[in-house]
Asks: 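Pasting a structure below so you can have a look.
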Amino acid sequence: MSGEVAGLLRELAPQVLAALTRRHGQFDACEDAVQEALLAASQQWPVEGVPDNPRAWLLTVGSRRLADAWRSESARRRREEAVFAAEVDDAEVPARDDTLALLFLCCHPALTPASQVALTVRAVGGLTTAQVARAFLVPEATMAQRISRAKQKIKKAGAQFSLPPEGERDERLRAVLHVLYLIFNEGYTATAGDRLSQVELTGEAIRLTRAVRGLLPGDGEVAGLLALMLLTESRRAARSRPDGSLVPLAEQDRSSWDAAAIAEGVKLVSDALSTTRLGPYQVQAAIAAVHAEAASPEETDWVEIAGLYALLARMAPNPMVTLNHAVAVAMTRGPAAGLAMVADLEGDERVSEHHRVAAVRAHLLEMAGDVAGARESYLAAARLTLSMPEQRYLLAKAEGLG
C-alpha cells in the first residue's frame, strides 16, 4: 500500500467512524466495521484506484459491514434495514470534524492509560490492530483483546459520542493530551525492541495533536504539546547512526536537525507563552526550544534550562522531571549537586526498576571523575532497559570506561 493511500485512510478513518457512530450509536460495532472497511480499501484501492469519493466508499462499506454483523441477530433486522436506508444520505452529509469527540471517547476515564493509547491509535489514528501491535511490540491477539476490552468498558460505562459537559471538558482534555504525549514518547524512544524509534507513532501523535490544535487554537497547552513534539522530532535524523546505534544529544550533527520543524515549534511555544496561561507542556516545549536554538552543545543555556525545570518541578512534579533537572543542575553547579538530586529518588517505587535513574547517575559520576562508579551504573542501566539500541549504547559507555 502506497504512503499516499495510507495517509488518506488515516485522515478519513475518524470521519467515517464519527459518521457511523453518530447515526447508529454502538461505538464498538461501528469501530469494528470501520476497521474492516479500511482493510478492504487498503487491498482494493492500490489495485483498482482510489474512488472519486473515498469517504462515501468507506461509509458504504462500513455500513454494509454493520448490516452483515447484525443480520444474524433476528432482533436487529429492523436496524439493519435502517442502515441501508440511511446509507446514501450518510454518504452525502458533509464531512464534520469529530476528531475531538472521538478522542474524548477513546480517552474515557474508565480505561487504563495503556488501553486509552491503544484505542486512540486504532480508532482515531486509523491503524490496524496488527500495526498497533507491531508498534507496541505485543502479539496481535494480545492487542486485539486489549482493544476489545477497552470498547466493552466504554460501552458498560455508558459513554456517549459527544463532547463532555463544560465542567468536565478541561480535565478530559488533559487526559487526551496525556495520551497523545504517551503515543509520541513511545514512538520517539521505543521502550523495548530493536528499533530506537517508531516513526509511525510519532507521526500519528503529531498529526492528531495538529487536529486538536485546529479545533482548539486558543488553548496554550495544546500549542505547547505540539511545539514540544515538533522540537523533539526535529532531532530524529541526527539521533541514530546508519547502523541504528544511538547518538546522544551532545554528539549530534545539529546541521541535520529539521530547521522548519524547529521554527514552527519555537513560534508555537513563544506565542503560547505570551498569550495564554502557563502550563507544563509549554514549559517542556520552552526547554526543547532552548536546546534547539543552541548552535553547539557549548552554547546551550543550561542556566535557563535549570530554571525552567525548577518551574516544571513545581507545576508537575515527577521522577523524570527530577532526573532531567538533575542533569541541568549538574551542568550549572557541578555533578555533585546533580547526584544529590538523583539520590533523593532512591526508594521511589515509581522508578525503582527504570533504567534512566542508573543512566543519569552514571553520566553524572562520569562527569565527577568516578570511573568505577560510572561504569557500574552504566552496566546497571543496561541490565534494566528493554531497548536494544539503548542497551548497546550503555554497554559501550561502560566498556569505554575500562
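Heavy atoms only: backbone and side chains are in, while hydrogens, waters and symmetry mates are out. Nothing here was measured: the structure is a model prediction, and the numbers come from that model.
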Asks: Applying ring pair (Phe, Tyr, Trp, His ring centres under 6.0 Å) as the test, list every pair that has at least one member in residues 298-356; sequence neighbours left out.
Replies: H291-W302
Asks: Applying side chain to side chain donor-acceptor pair (under 3.5 Å), name anything that partners T191, two or more places apart in sequence or on another chain.
Replies: E186
Asks: With sequence neighbours excluded, what pairs up with R254 under the salt bridge (charged side-chain N to carboxylate O under 4.0 Å, His left out) test?
Replies: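 Per chain and number, R254 pairs via salt bridge (charged side-chain N to carboxylate O under 4.0 Å, His left out) with no residue.
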Asks: Can you pull the ring pair (Phe, Tyr, Trp, His ring centres under 6.0 Å) pairs that have at least one residue in residues 257-284, sequence neighbours excluded?
Replies: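 Residue pairs passing ring pair (Phe, Tyr, Trp, His ring centres under 6.0 Å), neighbours aside: Y181-Y281.
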Asks: Quick check: are there more than 12 heavy atoms from other residues, nucleotides or ligands sitting under 6.0 Å from CZ of R169?
Replies: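 Yes - once you tally the heavy atoms of other residues, nucleotides and ligands closer than 6.0 Å, there are more than 12.
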Asks: Would you mind writing out the side-chain donor-acceptor pairs for residues 109-128 within the sub-3.5 Å range, not counting sequence neighbours?
Replies:
from, atom 1, to, atom 2, distance (Å)
T112, OG1, S115, N, 3.2
T112, OG1, S115, OG, 3.1
Q116, NE2, C107, O, 3.2
Q116, NE2, H108, O, 3.0
T120, OG1, Q116, O, 2.7
R122, NE, E31, OE1, 3.2
R122, NE, E31, OE2, 2.9
R122, NH1, T129, OG1, 2.4
R122, NH2, E31, OE1, 2.3
R122, NH2, E31, OE2, 3.4
R122, NH2, D32, OD1, 3.3
T128, OG1, Q131, N, 3.1
T128, OG1, Q131, OE1, 3.4

Asks: Quick check: do K156 and Q152 have side-chain heavy atoms less than 4.5 Å from each other?
Replies: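 Not in contact.
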Asks: Just wondering, do L249 and P297 contact through their side chains at under 4.5 Å, heavy atoms?
Replies: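 When only atoms from C-beta onward are counted, L249 and P297 do not touch, as no gap falls below 4.5 Å.
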Asks: Identify, with sequence neighbours excluded, every residue that meets side chain to side chain donor-acceptor pair (under 3.5 Å) alongside Y188.
Replies: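 Expected list: R239.
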Asks: Holding to side chain to side chain donor-acceptor pair (under 3.5 Å), I want the full list of residues that pass it with R383, two or more places apart in sequence or in another chain.
Replies: none
Asks: Tell me whether R213 is salt-bridged to E221, with the criterion being a basic N under 4.0 Å from an acidic carboxylate O.
Replies: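 Here R213 does not pair with E221 in a salt bridge, since their nearest N and O are not under 4.0 Å apart.
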Asks: If a pair satisfies salt bridge (Lys or Arg N to Asp or Glu O under 4.0 Å) and one of its residues is in residues 285-312, list it, with sequence neighbours excluded.
Replies: none
Asks: Using the test salt bridge (charged side-chain N to carboxylate O under 4.0 Å, His left out), find all partners of D271 that sit at least two apart in sequence or belong to another chain.
Replies: K267
Asks: Could you tell me whether R55 and E11 have a side-chain N and a carboxylate O separated by less than 4.0 Å?
Replies: no
Asks: With a 3.5 Å cut-off and sequence neighbours excluded, list the donor-acceptor pairs that the side chains of residues 229-237 form with protein atoms.
Replies:
from, atom 1, to, atom 2, distance (Å)
T232, OG1, L228, O, 2.7
E233, OE2, T202, OG1, 3.4
E233, OE2, R236, NE, 2.6
S234, OG, L231, O, 2.6

Asks: Can you pull out every salt bridge (Lys or Arg N to Asp or Glu O under 4.0 Å) where at least one residue sits in residues 357-368? Sequence neighbours excluded, please.
Replies: E346-R361, E366-K397
Asks: With sequence neighbours excluded, tell me which residues meet side chain to side chain donor-acceptor pair (under 3.5 Å) with D348.
Replies: R350
